[in-house]
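A quick write-up on the structure given underneath.
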Amino acid sequence: MILKRIPKIILLAILCASVLLGFSQKDSGQNDLSNGDYIILKPKYDDHSFLRNPLNGWVMYAPRNADDTYWDIEYFVPALGKKVKVIDYASTCYVRTSWSSLNPSDGVYAWDDPNSKIGNLIKGAQKRGLPIALRIVVDGRDQGQNTPRFVFEAGAKYYLENKKYPDRQTPIRRMRYLENITANLSQL
């Protein structure tokens with residue numbers, strides 16, 4: 001057992017030694033700012049402009065049952081003195097949803113159903129060039145059944161005695177979840 005840990009212990013010791021050596025060396029004067037080789041920047045503070053920084057900034061937290069009007073949501077921004085559309089400033093669409101809403105039955109996915117709100121939400125984000133962050137819930141006390149019924153019918157076991165919580169270690173559950181993730185990634 002200890003033999004398996006030896007490479008990690010050696011790596012940790014080398015890392016610690018290099019950090020300690022770095023702190024112990026004397027300052028050679030290379031960090032002296034008086035030699036004129038440096039430019040000091042003093043950016044002007046801007047408290048009213050919005051910057052669109054990719055994957056930073058406003059995030060649209062979309063409910064899985066959002067309809068097409070979701071993209072028209074406006075909020076009043078005091079610094080601008082007006083309402084703005086969130087989509088004009090958002091850099092990501094975050095969706096927390098259940099596995100069963102994305103994959104309601106074996107081989108059936110939400111984006112293939114033209115009447116699926118979650119499928120249309122994903123397509124709407126793609127149409128607008130907005131990256132999607134999916135949080136796929138597989139169990140939960142506050143939402144009911146999140147793992148699709150077909151997974152249990154295929155042999156996945158429940159965790160403890162509660163029929164809401166799938167045992168994550170069941171091979172069939174792990175295989176089906178991997179299929180779901182793969183299918184989701186192919187659409188994003």
Show me the donor-acceptor pairs within less than 3.5 Å that the side chains of residues 114-125 make with the rest of the protein, sequence neighbours left out.
unit_1, atom_1, unit_2, atom_2, d
Ser116, OG, Ala110, O, 3.4
Ser116, OG, Gly119, N, 3.0
Asn120, ND2, Pro114, O, 3.1
Asn120, ND2, Ser116, O, 3.2
Lys123, NZ, Trp111, O, 2.6

Using atom types as modelled, flag every donor-acceptor pair under 3.5 Å from a side chain in residues 129-137 to any protein atom, sequence neighbours excluded.
none

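Taken together through direct or relayed side-chain contacts under 4.5 Å among Ile, Leu, Val, Met, Phe, Trp and Tyr, Leu80 and Ile73 form part of one hydrophobic cluster.
Going from atom CG of Asn103 over to atom OG1 of Thr97 covers 11.0 Å, rounded to the nearest 0.5 Å. With rounding to the nearest 0.5 angstrom, the CZ atom of Arg128 is 11.0 Å from the CG atom of Asp88.
Side-chain contact check for Tyr89 versus Val77: every heavy-atom pair is 4.5 Å or farther apart.
Pairs passing the ring-ring contact (aromatic ring centres under 6.0 Å, His included) check and including a residue from residues 59-88, sequence neighbours excluded, read Tyr61-Tyr94.
The closest donor-acceptor contact from the side chain of Asn146 to the backbone of Ser100 lies at 3.5 Å or more, if one exists at all.
For Asp68, the salt bridge (Lys or Arg N to Asp or Glu O under 4.0 Å) criterion is met by no residue, not counting sequence neighbours. Residues meeting the side-chain hydrogen bond (donor to acceptor under 3.5 Å, both in side chains) test with Asn65, sequence neighbours left out: none. In terms of the side-chain hydrogen bond (donor to acceptor under 3.5 Å, both in side chains) criterion, Asp113 has no residue partners (sequence neighbours excluded).
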